[in-house]
> 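Take this structure, written in C-alpha cells, and hold onto it; I'll ask about it next.
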Number of protein chains: 2
Amino acid sequence: MDNLKISKTKKVSKGDILLSFGDIATTAYKVESGCLRSYVIDNVGKEHILQFAPEDWFIGDMDSATNKKPSNIFIDAIEDSEISIISTEVLKDFTNLEKELLVEMSTKLRNNLIATNKRVISLLSATAKERYIEFTETYPTLVQRLPLKLIASYIGITPEYLSDLRRKISKSQKK
Amino acid sequence: MDNLKISKTKKVSKGDILLSFGDIATTAYKVESGCLRSYVIDNVGKEHILQFAPEDWFIGDMDSATNKKPSNIFIDAIEDSEISIISTEVLKDFTNLEKELLVEMSTKLRNNLIATNKRVISLLSATAKERYIEFTETYPTLVQRLPLKLIASYIGITPEYLSDLRRKISKSQKK
DNA sequence: ATCACTTCTTAAGGTATCTTAATTTTTATC
DNA sequence: GATAAAAATTAAGATACCTTAAGAAGTGAT
C-alpha cells in the first residue's frame with residue numbers, strides 16, 4: 001500500500017510554507033512526523049483551515065496539480081515535521097498507471113471523498129457546538145495537540161467563540 | 001467512458017424516494033433525464049441538500065455502499081426523471097476490477113473530490129450572498145430550473161433569506 | 001376559468017456567532 | 001528565571017442570518 005513514488009524524507013520547521021497561493025502544485029506531501037495544514041485566506045484576510053495532516057496523512061492541492069492551475073491554498077508546517085515528497089504527475093492522467101497503483105489511488109480517493117462529504121454535511125446542518133464536539137470525537141488526539149485557534153479555524157468559527165463554547169460545555173458537564 | 005454496469009433505464013416520478021435514511025445502499029443512479037437530489041435531515045427536522053443530479057450526473061451514498069452501513073441521507077426525484085441503476089458492489093473493493101474501469105473510477109472520484117473540496121472552502125469562507133453568486137456561476141442552468149427553496153437549502157440558508165438576498169442583488173445591479 | 005397548493009416575498013423581532021478590545025495564561029527565548 | 005511573544009479568556013456591542021407569520025404570486029388539476 002505504498003506504491004506512490006516517494007523521495008527520501010525532508011525536515012521542515014514549524015512555520016515553513018510548502019505551497020503558496022498562486023503556485024502550481026507539482027508535489028504533494030506525506031507526513032512522517034509532525035503536522036502540516038492547508039488553508040485558504042478569504043476576501044477579508046481571514047484564514048480557514050481545510051485539512052490537518054499529522055503522521056501518515058497526505059496533503060496537497062489536488063485541483064492545482066490535476067489541472068495545472070494556480071493554487072488557491074497554502075500549505076505550511078504547524079509543527080516541526082518530517083515529510084516525504086510525492087510527485088503529483090500521476091494525478092493528471094490515470095491511463096498509464098499500473099493496476100496496483102490505481103487500486104491504491106481509488107481507495108484513497110474514495111475514502112477521502114466520503115470524509116469530505118461528511119464535513120459538508122456537518123457545515124450545512126450542525127451548530128458550532130455540535131461541530132466542535134464532532135471534531136473532538138473524530139480527532140481526539142488532534143484536540144490535545146493543536147492550539148484552540150487552529151481547531152476553531154477548521155470548524156469554521158472564531159477562537160473567541162470556541163473558547164466560549166468550551167466553557168459552556170465544561171460547565172454543563174459539571175452538573 | 002461508460003463501463004459501469006448499468007441496467008436499462010427506469011422512470012421515476014417527482015417525489016419518488018430512491019434511498020431513505022437507514023437503508024443500506026446497494027445501488028447508485030445515473031440520471032438520463034430529469035433531476036434527483038440527495039439530502040440530510042438535521043436534528044431539528046430541517047432538510048439540507050447535498051447534491052443535485054441533473055442529466056448525466058451520478059448520485060448515491062458512497063459511505064453506505066462502501067461500508068455497508070445504514071445511510072444518513074435520502075435520495076429522491078425533484079422532477080419526473082429517467083434513471084439508470086448502477087450496482088455499487090464495485091465500490092467496496094477495487095482489487096478485482098479491470099484496469100479500464102479503475103481509470104474511469106479514479107478520474108470520477110478525483111473530480112468529485114476537487115468539487116467537494118471547493119464546496120467546503122465556500123462554506124467556510126464565503127458569506128451567504130457570495131455562495132449564492134458562486135452557485136449561479138457554477139450551475140447557471142440549475143438556477144433557472146430549480147425552485148429557490150432548493151437552492152437555498154443547497155447553499156445552506158433559508159428560502160426567506162435567499163429571497164431577501166436576491167432582491168438586494170437585483171437592486172444593486174439596477175444602479 | 002376556478003380552486004387548491006406550493007412557492008415566493010416581505011417584514012419584524014430573535015439568536016448564533018462575530019468583532020473589538022482588554023486581561024490573563026501559557027509558551028518560547030535569551 | 002526574566003522577558004517577550006503567542007494563545008486563551010472574558011465581556012460588550014454588532015451583524016448575518018433565522019424564525020415566524022402573513023400575504024402575493026405562481027402552478028397544476030378539474
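Below, all heavy atoms of this structure are taken into account, side chains as well, without hydrogens, waters or symmetry copies. Here is the naming used below: chain letters follow the sequence lines, and residue numbers restart at 1 for every chain.
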> Chain A on DNA chain C: first and last contacting nucleotide, 5' to 3', under 4.0 Å to a heavy atom?
C:dA16 to C:dA21

> Using a 4.0 Å cut-off on protein heavy atoms (strictly under), produce a 5'-to-3' string for nucleotides 14-30 of chain D with B for base contact, S for backbone-only sugar-phosphate contact, and - for none.
--SBSBBB---------

> If I compare all heavy atoms of A:Ser81 with all of A:Cys35, which pair ends up nearest, and what's the gap?
OG-N, 3.0 Å

> Taking the basic N atoms (NZ, or NE/NH1/NH2) and the acidic carboxylate oxygens, is any pair closer than 4.0 Å for B:Lys11 and B:Asp80?
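Not counted as a salt bridge, because no side-chain N and carboxylate O are separated by less than 4.0 Å.
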
> How are the rings of A:Phe135 and A:Phe52 set to each other: parallel, tilted or perpendicular (split at 30° and 60°)?
perpendicular

> Does any part of the side chain of B:Ser20, heavy atoms only, come nearer than 4.5 Å to the side chain of B:Ile17, both counted from C-beta?
yes

> Taking the side chain as every heavy atom from C-beta outward, state whether B:Ile83 and B:Lys30 have any atom pair closer than 4.5 Å.
no

> Please lay out, stage by stage, how B:Asp76 and B:Leu19 fare under the test side chain to side chain contact (heavy atoms under 4.5 Å, CB included).
CA-CA 7 Å; B:Asp76 68 11; B:Leu19 180 76; over 6 Å; no

> Would you call the rings of B:Tyr139 and B:Tyr154 parallel, tilted or perpendicular, where under 30° means parallel and over 60° means perpendicular?
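The rings of B:Tyr139 and B:Tyr154 stand perpendicular, inter-plane angle above 60°.
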
> So what does A:Arg166 hit on the nucleic acid, given a heavy-atom distance under 4.0 Å: a base, only sugar-phosphate, or nothing?
nothing

> Side chain to side chain donor-acceptor pair (under 3.5 Å) with A:Glu79: which of A:Arg37, A:Lys14, A:Arg145?
A:Arg145

> Quick one: on DNA chain C, does B:Asp164 or B:Lys14 contact a more 5' nucleotide (nearest heavy atom)?
B:Lys14

> Identify, residue by residue, the members of residues 134-151 of chain A with a heavy atom below 4.0 Å from DNA chain D, and return them in order of residue number, or none.
A:Pro147, A:Leu148, A:Lys149

> Any side-chain heavy atom of A:Val40 within less than 4.5 Å of one from A:Ile49?
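A side-chain contact is absent here, since even the closest heavy-atom pair is not under 4.5 Å.
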
> So which atom in A:Glu134 and which in A:Ser122 form the shortest heavy-atom distance, rounded to 0.1 Å?
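Smallest heavy-atom distance, with atoms named: OE1-OG, 2.9 Å.
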
